[in-house]
There are 2 protein chains.
Amino acid sequence: MGANIKDVAKFAGVSPSTVSRVIHDNSRISQATKERVRNAMVELGYVPNAAASSLAGRTPRTLGLVLPNNPGELFKNPFFINAMRGISVYAQARGYFLLYSFSRDEEDEIQFIRNYINSGWVSGVILLAARKDDRCVDYLKLSDFPFVLIGHAADPLTTCWVDNDNFQAMYQVVTYLLEKGHRKIGFLGGPETFRVTQDRYNGYIQALKGRGFPLEEELVFMGDDFTEDSGMKGGKEILGSIMPDAIATTDDQLAFGLLKYMEENGIEGIAVTGFNNTVRGIYQRPGLTSVDVNADLLGERAAELLINLLETDESERQNLSPNHYFVETKLIPRETA
Amino acid sequence: MGANIKDVAKFAGVSPSTVSRVIHDNSRISQATKERVRNAMVELGYVPNAAASSLAGRTPRTLGLVLPNNPGELFKNPFFINAMRGISVYAQARGYFLLYSFSRDEEDEIQFIRNYINSGWVSGVILLAARKDDRCVDYLKLSDFPFVLIGHAADPLTTCWVDNDNFQAMYQVVTYLLEKGHRKIGFLGGPETFRVTQDRYNGYIQALKGRGFPLEEELVFMGDDFTEDSGMKGGKEILGSIMPDAIATTDDQLAFGLLKYMEENGIEGIAVTGFNNTVRGIYQRPGLTSVDVNADLLGERAAELLINLLETDESERQNLSPNHYFVETKLIPRETA
DNA sequence: CTGTTAGCGCTTTCAC
DNA sequence: GTGAAAGCGCTAACAG
């Protein structure tokens, strides 16, 4: 490997500690010395040894990502790769490395986090797929280790997180449908227990109320999961009694199932919207109107939040502002609505 | 942070050096001691400090991935996320961390590699998107830094690499088409200068020859890139004179362009195949017959090759076998063929 | 403003 | 088979 701090010190005619101070831009070093040392660094092609720096007490400039390992989801939904890219763009600009790992299950994830922390290789964690009652969150809090969540935090005041404004996003969808002239709008959601389902449902309700339309319980269905099957089941339920003229779903997969049910039963003329703007929705005919959750920006913001947290003194972290970001969504109109 | 080597030593009633030897499974430690130390490690939840280990002379158990930052490609083609997952599965099993970074351009990539190397944070590099005359490869060779390539190596003897057998893959496609009764089969490829184009073209030629069918130059077209536009252009060229009854393309995007051209010009009844098994191809109607390149396994193999290389003594690396893997492809028949 | 010194956690001779 | 001790490259008191 290349030159070390001693070489630089010798070359510049100063002590290693001075070089170290220059590296971290310590204010008590004279301009002249800084210049000389920086010259030496360039001259020798010096890059600080991250391991040594980290060992000696600096927090390692590396973040660890925790990803779910759901092949299907990863494949259909570009969310993760986009979020990873967003994180990468920001972190790289701030000089941070990124570690990633796909986990089979929650147990696995905790294991990784433990390794991240104890290896001393990582100074903060980004969770890309928070569940309800996420044990990873508990573990990180217990370990008092800096982290940020992409998604809704169970305890939004004491956790750093980024998320879409899901209420707003669905409000927008329903408003859009109303403006297109739809009057009887159904709602097809994921599991009720999920915060994201609740938020989007509330957005749906408020959008209707805001325009003076009644909420019709028969047009609302929450599935057991986010699969096509649940979408089909939802279609069966919602399209049973009163006929809606549009259905807003909280997930593209649900929408695909719904469309499939409609096709199989010869039901036509009902507008459908999804969430996540997945590849299939773009290319199928008719194209699926969907909400782009802006995964890239979610990633960037998450990285920003975490790095700011890390670079804030321990003592001032309490009143760090902000501890979260809302990232705007974007409705992408296509043929289904 | 958790327990350190001293804590473990004390707990097990041995010296730190003994613990270190147990960690690395040194053969001169008695079974009894090993057992006792391992117990202590579990008991205390000990995880070795990677920074310290690395500082003290061990090569850091971390690999660095270099990814292209092409949003479109990343989005349409699940190759990268799958390859990353494959790498992750294997590397984790061997106890390696993974660093990733998306780069804007070649300049960027070299910069990252430099950082990877000089920071002492990384002991090997995986290149996921090798270009022709890749400067990253040159740089890594010049630095004498271990790396492996996913894709074709310019110098396959002195480089570690994994790739599909592209000749074989296209041979299979054409044989499949012949067996389905197609007789006039066209070829629509990417840029001629790419090795992958050449290999697949040769597979095409040999498959025809093997069955005694003539190669008709008019049915062959190589585009300037791998875009839909090139696919449309290819359609125009190939479907101009002699009418083929099937066209094998080297990329789903080309196939989409070709299908679009056919649709716009009312041409029907021509079988079409693609490569990469992208999401759009799966969900469009008719579904695109395509070749799955097995990105997951490409990733796993790449990680395996690199880790084996790293764990081989410097002196024995010359005669390391193997220095490459061919990963089988899988033809996925759908409606277009 | 700058240098000296001790030490981060681990590995590795060198002893025994 | 195991322990003692030196040192990897860097940082952070503590001096001055």
Side-chain angles (χ1 to χ4, degrees), chain A residues 1-38 40-41 44-62 95 115 117-123 313-314, chain B residues 1-38 40-41 44-62 95 115 117-123 311 313:
Chain A
M1 272 192 312
N4 65 21
I5 202 170
K6 270 190 181 168
D7 299 329
V8 176
K10 202 169 292 173
F11 192 95
V14 295
S15 75
S17 41
T18 299
V19 176
S20 174
R21 289 184 183 109
V22 174
I23 292 172
H24 302 107
D25 204 19
N26 187 307
S27 57
R28 302 189 310 187
I29 300 287
S30 71
Q31 274 310 317
T33 310
K34 278 191 182 171
E35 204 110 320
R36 206 144 39 88
V37 171
R38 289 200 177 117
M41 299 203 286
L44 300 176
Y46 171 71
V47 176
N49 181 306
S53 164
S54 157
L55 224 209
R58 288 252 150 197
T59 115
R61 292 180 81 84
T62 302
N115 285 340
I117 296 179
N118 289 326
S119 67
W121 220 225
V122 154
S123 59
D313 285 342
E314 206 84 41
Chain B
M1 271 191 313
N4 64 22
I5 204 170
K6 270 189 181 169
D7 299 328
V8 176
K10 203 170 290 173
F11 192 96
V14 296
S15 75
S17 35
T18 299
V19 176
S20 174
R21 289 186 182 108
V22 173
I23 292 172
H24 301 107
D25 205 19
N26 186 308
S27 56
R28 303 189 310 187
I29 300 287
S30 72
Q31 274 309 317
T33 311
K34 275 190 183 172
E35 205 112 319
R36 208 145 36 88
V37 172
R38 289 203 177 114
M41 298 202 287
L44 300 178
Y46 171 70
V47 175
N49 182 304
S53 163
S54 157
L55 224 208
R58 292 248 152 200
T59 114
R61 293 179 81 82
T62 301
N115 284 341
I117 296 178
N118 289 326
S119 67
W121 219 226
V122 154
S123 58
E311 300 192 348
D313 286 342

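Every chain is numbered from 1, with letters handed out A, B, ... down the list of sequences. Please read these numbers as outputs of a predicted model, since none were measured by experiment. Note that these values count all heavy atoms, side chains included, but never hydrogens, waters or copies made by symmetry.
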Are any non-hydrogen side-chain atoms of [X] and [Y] less than 4.5 angstrom apart?
{"X": "A:Arg21", "Y": "A:Val37", "answer": "no"}
{"X": "B:Glu35", "Y": "B:Arg38", "answer": "no"}
{"X": "A:Arg36", "Y": "A:Val22", "answer": "no"}
{"X": "B:Lys34", "Y": "B:Asp25", "answer": "yes"}

Measure [atom1]/[X] against [atom2]/[N] and give the value in whole Å, please.
{"X": "A:Lys6", "N": "C:dT5", "atom1": "NZ", "atom2": "P", "answer": "13 Å"}
{"X": "A:Leu55", "N": "C:dT11", "atom1": "CG", "atom2": "P", "answer": "11 Å"}
{"X": "A:Lys34", "N": "C:dT2", "atom1": "NZ", "atom2": "C1'", "answer": "13 Å"}
{"X": "B:Arg28", "N": "C:dT12", "atom1": "CZ", "atom2": "P", "answer": "12 Å"}
{"X": "A:Ile29", "N": "C:dC1", "atom1": "CD1", "atom2": "P", "answer": "9 Å"}

For B:Leu55, all residues meeting side chain to side chain contact (heavy atoms under 4.5 Å, CB included), sequence neighbours excluded: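 Result, side chain to side chain contact (heavy atoms under 4.5 Å, CB included) vs B:Leu55: A:Ala52, A:Leu55.
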Those residues that, when tested against A:Ser53, pass side chain to side chain contact (heavy atoms under 4.5 Å, CB included) (two or more places apart):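 For A:Ser53 the side chain to side chain contact (heavy atoms under 4.5 Å, CB included) partners, ignoring immediate neighbours, are A:Arg58.
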Roughly what angle, to 10°, lies between the helix axis at the start of the helix from C:dC1-D:dG16 to C:dC16-D:dG1 and the one at its end, five pairs per end?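 End-to-end axis angle: 30°.
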Positive for side-chain contact (heavy atoms from CB on, under 4.5 Å) with B:Val19, one of B:Ile29, B:Thr33, B:Val14: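 By the side-chain contact (heavy atoms from CB on, under 4.5 Å) criterion, B:Val19 pairs with just one of B:Ile29, B:Thr33, B:Val14: B:Val14.
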Only distances under 3.5 Å count here; give the side-chain donor-acceptor pairs of residues 2-13 of chain B to other protein atoms, sequence neighbours excluded, each with its distance to 0.1 Å.
unit_1 : atom_1 : unit_2 : atom_2 : d
B:Asn4 : OD1    : B:Lys6 : N      : 3.0
B:Asn4 : OD1    : B:Asp7 : N      : 3.0
B:Asp7 : OD2    : B:Asn4 : N      : 2.9

Ignoring hydrogens and geometry beyond distance, is a side-chain donor-acceptor pair present between A:Ser20 and A:Ser17 at under 3.5 Å?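 No.
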With a non-hydrogen cut-off below 4.0 angstrom, is B:Arg58 in contact with a base, only sugar-phosphate, or nothing?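 Answer is sugar-phosphate: B:Arg58 comes under 4.0 Å of backbone atoms only.
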Contact interval (first through last nucleotide) of DNA chain D with protein chain A, 4.0 Å heavy-atom: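 That gives a stretch of D:dG9 to D:dC14.
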OP1 or OP2 of C:dC1 less than 4.0 angstrom from a side-chain nitrogen or oxygen of A:Thr33, does that happen here?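 So the side chain of A:Thr33 is outside the cut-off, no N or O lying under 4.0 Å from OP1 or OP2 of C:dC1.
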So, B:Ser123 side chain and B:Arg61 main chain: donor-acceptor pair closer than 3.5 Å or not?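 No, the answer is negative, given that no donor and acceptor are paired below the 3.5 Å cut-off.
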Which residues in residues 11-27 of chain A have at least one heavy atom lying under 4.0 Å from any atom of DNA chain C?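 Only A:Val14, A:Ser15, A:Ser17, A:Thr18, A:Arg21 qualify.
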Check B:Gly120 against B:Ser54 and note the closest heavy-atom contact, atom names and distance.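 Heavy atoms only, the tightest pair is O-OG, 3.6 Å.
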For B:Gly57 and for B:Ser30, find the nucleotide of DNA chain D with the closest heavy atom, then tell me which residue's nucleotide is more 5'.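 The residue mapped nearer the 5' terminus is B:Ser30.
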